[in-house]
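Note that the coordinates shown come from a computational prediction; the quantities given were computed from them, not determined experimentally. Below, chains carry the letters A, B, ... as their sequence lines are ordered, and counting in each starts from 1.
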Amino acid sequence: MENIPSSTGTDFIREAVAEDLRSGRFSKIRTRLPPEPNGYLHIGHVKAFLIDYFVAIENGGELVLRFDDTNPAKEELEFVHAIQEDAAWLGIQWVKVTYASDYFGKLYEWAIKLVKLGLAYVDDQTPEEVSKNRGTLTEAGNPSPWRGRSVEENLDLLERMKKGEFPDGSRILRAKIDMAHPNMVMRDPAMYRIIHEPPHHRTGREWCIYPMYDWSHGQNDSMEGISHSLCSMEYEIHRPLYEWFLQQLGEFMPRQIEFSRLNLSYAMMSKRKLRKLVETGLVEGWDDPRLTTLRAMRRRGYTPTAIIDFIRRIGVAKNTSWIDYALLESCVRDDLNKHSLRKMAVIDPIKVVIDNYPDGLVEELEAVNNPEDPEAGSRKVNFSKILYIEQEDFRESPPPKYYRLYPGNEVRLRYAYFIRCESVTKDEAGNIVEVHCTYDPSTKGGDAPDGRKVKSTIHWVSAAHALHAEVREYDRLFTIENPDDAEDTASVINPASLVIKPNAKVEASLAGTANGDKFQFERIGYFCTDRTSAPGKLVFNRTVTLKDSWAKIEKKQN
RNA sequence: UGGGGGCUCGUCUAAUGGCAGGACAGAUGACUCUGGAUCAUCUAGUAGAGGUUCGAAUCCUUUGCCCCCAGCCA
């Protein structure tokens, strides 16, 4: 996959892995991608995924995609497909796809082993009792009255739990560790709980008990021969338990290493809140281009290269960090600048009439496709007497430092001619309906033979040849940096996060564009063709704006 | 308050006892047929206090602040 840049530099995880290889602790690197199929992938997952992927391939190792499907109440087949599709789009490659549920049988055998070792027991307490007896952060918990059951009774009860003899919530299997442990995770953690409904999306009704994360993840890692189980910081306190289980079982022990998760400003990362956002219709769906799900970013026009570059640039560490959304945008601009074709598009048109240009004449002018890439070649654009330019590019009374078109000023029409504004015509309400200009025929192509300069070049389209289009301008979805913290999501939605421009005019070469095509509309920004676009009804999404230093100047002036 | 983790320019991140560097953001300028891109320059940081050392972001002591953990979620 050509769009996977090899990652550079090092970090504490790569150093640890290299050291493990040197010391012989592991001879082959195998990592795993552990998504739970209960939602769509978002930018937060991408960091973890790419660390797993790159750590594997940089060391000649391999990656296993393992779905963590241990809770039938939350997981759906739909997400199993969507996750693979999104991860593949990013360019991640795995040697095989597995499921935690593939190992339910073996895991059950291991549980029996622990019971026989006297290290696990069936607890009949209600969930409330279990919770109450766990103690608090500062007080030890109380042992369950069922903690002392015989191995035989535990074995019998576990078998019957598995067969479905008991209702949900009536019993659990717990590890017997230490109810007074200062780390709450070690206070006799639950291993299996009883769940009858709904049936599991892969194993159906075969099982009535399902393992908890702690009693599944490490065991699966071990069974699959994972060398490094890389995860986020919140699992750090689970590591003692991860190691305890495998030690008691005497099984192969992978190394768990934790790193800080990605926090991105203005992005919603909470799966629960994200789902609610979609379900309440505040956004168009999981691929609404304002979201930071992978499919939304794809629809917005973000590229795998840009996203991977972004992850590379933020680094890997253990600090709690908040990444500025501007960094992501910078990566997107970087990639798109190098690779996207330039087009002329006028989003808020105003009519320009070239008074001294011959009626009916149409000229074909040469326009460069991508100044960053000579191999992209050039194209022809039609020029004629009546044009559209951007409303912003004309001012009847210009502010200081405004170099664009205004009465008496001369500018260049990109790849065409120098024009000078002579007058404007207005309707009864005083709105400008036409800007009248004259052109200098000797400046054809954009250069004046007498060597005179203009301070500004503006884009344009020929009215007779332009295509009609709808342009969707996106901005950050939220008004606050951390929308996950907002009590009421609806109240922090940025009302200007989507502005639909229904009357855009674009150059004729855009006629055959299809879903996902990416362009730079010169002087405006990067855009891509939306999936709802059709030949007679073009729709473009704004991926990201160009940097706009005039907007900055103007803002300062106000 | 118990346990675990963290604290370096505004934001991320390097420096592994020896010149605190890079990126994004910001500022200024050069260049330009995109007020884009590019290039150059600048601004800006070791949480506080002690100590060890010729030398400390790094080692020690101590204080402060932030994050995570009391699901039969992952």
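In this structure, Arg261(A) does not reach the C67(B) phosphate: none of its side-chain N or O atoms is under 4.0 Å from OP1 or OP2. Put simply, Arg134(A) has a side-chain N or O that comes within less than 4.0 Å of OP1 or OP2 on C72(B). Residue Arg174(A) places no side-chain N or O under 4.0 Å from the OP1 or OP2 atom of C72(B). Checking the phosphate oxygens (OP1, OP2) of A74(B), no side-chain nitrogen or oxygen of Lys271(A) falls inside 4.0 Å. Between G36(B) and Ser549(A), a contact under 4.0 Å exists linking OP1 or OP2 to a side-chain N or O. Side-chain nitrogen and oxygen atoms of Lys547(A) include at least one within less than 4.0 Å of the OP1 or OP2 phosphate oxygen of A25(B). A close approach under 4.0 Å does not occur between any side-chain nitrogen or oxygen of Asn337(A) and OP1 or OP2 of A37(B). Put simply, Thr70(A) has a side-chain N or O that comes within less than 4.0 Å of OP1 or OP2 on A74(B). Taking 4.0 angstrom as the limit, Asn319(A) places a side-chain polar atom (N or O) nearer than this to OP1 or OP2 of U13(B). Taking side-chain N and O atoms only, Lys318(A) has no distance below 4.0 Å to OP1 or OP2 of C67(B). Applying the 4.0 Å criterion to OP1 and OP2 of G71(B), one finds that Ser131(A) has a side-chain N or O inside that range.
Pairing for G35(B) is absent, with no Watson-Crick or G-U wobble pair whose two atom distances lie under 3.5 Å. Across all strands shown, the partner of C42(B) is G26(B), judged by Watson-Crick or G-U wobble contacts whose two distances both fall under 3.5 Å. If you check G18(B) for Watson-Crick or wobble pairing at under 3.5 angstrom, you find it paired to C54(B). Nucleotide G64(B) is matched to C7(B) when pairs are restricted to Watson-Crick or G-U wobble geometry with both distances under 3.5 angstrom.
Among A23(B), A74(B), U28(B), the nucleotide with an atom closest to any side-chain atom of Leu327(A) is A23(B). The side chain of Thr320(A) has C67(B) as its nearest neighbour among C67(B), C72(B), U34(B). When each of C12(B), G35(B), A27(B) is scored by its nearest atom to the side-chain atoms of Trp322(A), the top-ranked nucleotide is C12(B). Distance from the side chain of Glu522(A) is smallest to U34(B) among U34(B), G3(B), A74(B).
A donor N or O paired with an acceptor N or O is not found under 3.5 Å between the base of G35(B) and the side-chain atoms of Arg523(A). At a cut-off of 3.5 angstrom, counting only N and O atoms as typed in the model, there is a donor on one side and an acceptor on the other between the side-chain of Arg342(A) and the base of U34(B). At a cut-off of 3.5 angstrom, the base of U34(B) holds at least one donor-acceptor pair with the side chain of Gln520(A). At a cut-off of 3.5 angstrom, the base of G36(B) holds at least one donor-acceptor pair with the side chain of Glu372(A).
Atom C1' of nucleotide U34(B) and atom CG of Leu336(A) are separated by 15 Å, given to the nearest angstrom. At whole-Å resolution of the value, CD in Glu243(A) and C1' in G4(B) are 14 Å apart. In this structure, the CZ atom of Arg187(A) is 13 Å from the P atom of G4(B), given to the nearest Å. Here C72(B) presents its P atom at 16 Å from CD1 of Ile209(A), a figure rounded to the nearest Å. One atom, CD1 of Ile311(A), and another, C1' of C12(B), lie 12 Å apart when rounded to the nearest Å. Taking atom CE of residue Met184(A) and atom P of nucleotide C68(B), one finds them 16 Å apart after rounding to whole Å. Rounded to whole angstrom, the span from the CD1 atom of Ile553(A) across to the P atom of G26(B) amounts to 13 Å. As a whole-Å value, the separation of Leu546(A) CG from U32(B) P is 19 Å.
A donor-acceptor pair shorter than 3.5 Å cannot be found between the side chains of His228(A) and Asp52(A). Glu128(A) and Ser131(A) are not linked by any side-chain donor-acceptor pair at a separation below 3.5 angstrom, with hydrogens and angles left out of the test. Between the side chains of Ser509(A) and Lys343(A), a donor-acceptor pair is found at a separation under 3.5 Å.
Annotation: of the two residues near RNA chain B, Ser170(A) and Arg239(A), the 5′-most nearest-nucleotide partner is Arg239(A).
Remark: Arg476(A) qualifies as a cation-pi partner of Tyr266(A) under the 6.0 Å distance and 45° angle criteria applied to the six-membered ring.
For G71(B), the O4'-C1' to base torsion is within 90° of 0; the nucleotide is therefore syn.
In this structure, Thr443(A) contributes its side chain and Phe418(A) its backbone to a donor-acceptor pair below 3.5 Å.
Between Phe12(A) and Phe259(A), a ring centre-to-centre spacing not shorter than 6.0 Å is recorded.
Looking at Glu258(A) and Arg239(A), a side-chain N of the basic residue comes within less than 4.0 Å of a carboxylate O on the acidic one, giving a salt bridge.
Remark: ring of Tyr213(A) not stacked against base of A74(B); the cut-offs of centroid gap under 5.5 Å and plane tilt under 30° are not jointly satisfied.
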